[in-house]
Amino acid sequence: MRSGRRVVIVGAGPAGLLASISAAEAGARVMLLERGPKMGRKLRLTGKGRCNITNTATVERFIKAFGPNGKFLYGAFSRYFREDVLALLDRMGVPTKAERGGRVFPASDSALDVANALERRALEAGVEVRLNARAKSLLLSDTGEVAGVALYHGTVAAGAVVVATGGLSYPGTGSTGDGYALAQQAGHTVTPTRPALAPILIAERWVGALSGLALKNVEARLMVGDPPVRAAREFGEMLFTHTGVSGPIILTISRHVPLPSSGQRAVLELDLKPAVSREELDRRLIREFARPGKLGPYLRRLMPHALADALVGSLGLDGARPLNQITAAERRTILDALKGLPLHVRGLAPIEEAIVTAGGVALSEVDPRTMMSRRARGLFFAGEVLDLDAETGGYNLQAAFSTGWVAGWAAAQHALSR
Ligand SMILES: Cc1cc2nc3c(=O)[nH]c(=O)nc-3n(C[C@H](O)[C@H](O)[C@H](O)COP(=O)(O)OP(=O)(O)OC[C@H]3O[C@@H](n4cnc5c(N)ncnc54)[C@H](O)[C@@H]3O)c2cc1C
């Protein structure tokens with residue numbers, strides 16, 4: 001077979017795996033290049049090792065989850081969507097289940113099962129996998145058409161190339177932004193990258209002492225500007241880290257933290273008792289502060305001990321203070337902290353610690369029906385290397401699967417027609 005018919009896929013993450021499976025199923029000879037020693041390294045970490053594969057939400061909800069750039073995905077989602085990837089996994093012996101918020105996981109709760117199934121399907125479909133093979137640059141013909149890929153050792157000729165190298169987050173998994181340089185080499189614009197779905201850094205130093213503490217059923221509100229306006233509100237689970245806060249609701253809120261260049265002030269308010277109104281909670285405090293007991297032990301009954309102790313310290317109160325000596329002003333301070341503990345935002349954790357990368361290959365230069373470059377014929381993009389990022393819930397992986405599948409299929413048609 002002539003090399004012109006070969007499709008080379010760069011990157012064996014979820015996007016690259018789906019691209020290689022669809023290109024092989026479309027009849028092309030496929031080579032999958034992976035710079036690391038293993039395929040799908042990030043995929044194996046997803047969903048805390050459980051892999052939130054996709055979501056039961058409508059296509060419209062999916063599009064909304066990606067913000068203003070979401071509309072680009074109509075083309076890919078209309079060709080390959082949730083049912084397709086779930087059917088593929090089911091055929092490979094990985095049944096799935098839906099949980100709260102429509103999040104879909106493998107029934108086994110194992111991300112390894114998902115990664116292994118996709119790997120097996122790629123090999124079964126005849127994909128030639130080359131591990132420890134890092135693409136360095138594109139081979140472009142005089143007419144600007146893609147002719148192959150240069151590796152650090154040797155070259156591979158191809159009739160079409162799919163760049164599925166991921167973003168910049170979790171570089172230990174192999175995603176170090178190589179695809180941006182490949183895109184730029186072909187004349188593409190790469191919109192500035194920044195962390196999305198990232199832990200939030202907090203100015204208050206006492207927060208570090210709570211590192212590892214998880215809170216369930218709290219409400220977090222992000223207040224931005226002066227006077228402050230509510231930019232986001234989420235209810236659910238969060239986690240303290242040594243430099244700030246993380247966990248599902250914080251990652252979702254992080255998308256609304258203003259860029260440092262905006263100079264806007266941002267404060268995260270934690271409602272530790274969201275099920276009770278402020279008035280109700282105040283009446284409860286008045287009632288209970290009339291009883292014998294001390295402030296510290298009382299607060300320890302309301303919340304995790306470490307948080308109660310940190311709260312007393314941060315408010316400048318004395319935990320040994322008898323409840324019935326607490327003044328009305330002090331009660332109001334405690335009430336304010338329980339219903340809206342202010343944590344001053346210092347910014348977002350670095351991109352390496354983010355779950356996804358915002359920014360990437362500019363969407364206006366990619367055909368949404370085929371994922372083919374509008375700059376270089378025969379060049380395709382899939383997954384996080386594109387300027388796409390969504391909130392948590394399985395949306396990011398579905399975008400990688402859908403764009404991967406579409407890119408692989410169209411790359412095969414292109415290569416076979418050359
Ligand atoms: C901790 C964590 C948990 C997550 N959990 C979820 C979740 O539950 N649900 C969800 O929807 N999303 C989740 N995400 C996001 C999701 O994992 C990514 O959006 C998705 O993996 C992107 O897929 P991709 O194939 O585009 O890129 P990646 O998964 O980043 O894969 C890119 C691949 O390309 C390879 N590569 C890079 N450069 C080269 C090169 N020059 N030559 C050859 N190979 C190269 C890399 O080694 C890598 O294997 C999570 C992310 C993280 C970090």
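Count residues from 1 along the sequence. Indexing begins at 1, ligand by ligand and atom by atom, following the structure's order.
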Inset, instruction - For the pair Tyr80 and Trp405, name the ring-plane relationship: parallel under 30°, tilted 30 to 60°, perpendicular over 60°. - result: parallel
Legend entry - Residue pair Thr243 / Val207, side-chain heavy-atom distance below 4.5 Å: no
Inset, instruction - Would you check if His414 and Arg377 make a side-chain contact, meaning some heavy-atom pair closer than 4.5 Å? - result: yes
Legend entry - Verdict with reasoning, Ser141 to Glu145, per side-chain hydrogen bond (donor to acceptor under 3.5 Å, both in side chains): CA-CA 5 Å; Ser141 72; Glu145 192 154 357; 5.2 Å; no
Inset, instruction - Any chance you could measure Asn396, atom CG, to Asn52, atom CG, to the nearest 0.5 Å? - result: 9.5 Å
Legend entry - From CZ (Arg284) to CG (Leu338), nearest 0.5 Å: 9.0 Å
When you check ligand 1 against the protein, what N or O pairs turn up below 3.5 Å? List the atom names and distances, or just say none.
from     : atom 1 : to     : atom 2 : distance (Å)
ligand 1 : 5 (N)  : Gly47  : N      : 3.1
ligand 1 : 8 (O)  : Gly47  : N      : 3.0
ligand 1 : 8 (O)  : Asn52  : N      : 3.2
ligand 1 : 9 (N)  : Asn52  : O      : 2.9
ligand 1 : 11 (O) : Leu397 : N      : 2.8
ligand 1 : 19 (O) : Glu384 : OE1    : 2.8
ligand 1 : 25 (O) : Pro14  : N      : 3.3
ligand 1 : 25 (O) : Ala15  : N      : 3.0
ligand 1 : 26 (O) : Glu384 : N      : 2.8
ligand 1 : 30 (O) : Ser175 : OG     : 2.7
ligand 1 : 41 (N) : Ala135 : O      : 3.1
ligand 1 : 41 (N) : Asp178 : OD2    : 2.7
ligand 1 : 42 (N) : Ala135 : N      : 3.0
ligand 1 : 44 (N) : Arg35  : N      : 3.1
ligand 1 : 47 (O) : Glu34  : OE1    : 3.4
ligand 1 : 47 (O) : Glu34  : OE2    : 2.6
ligand 1 : 49 (O) : Glu34  : OE1    : 2.7
ligand 1 : 49 (O) : Glu34  : OE2    : 3.3

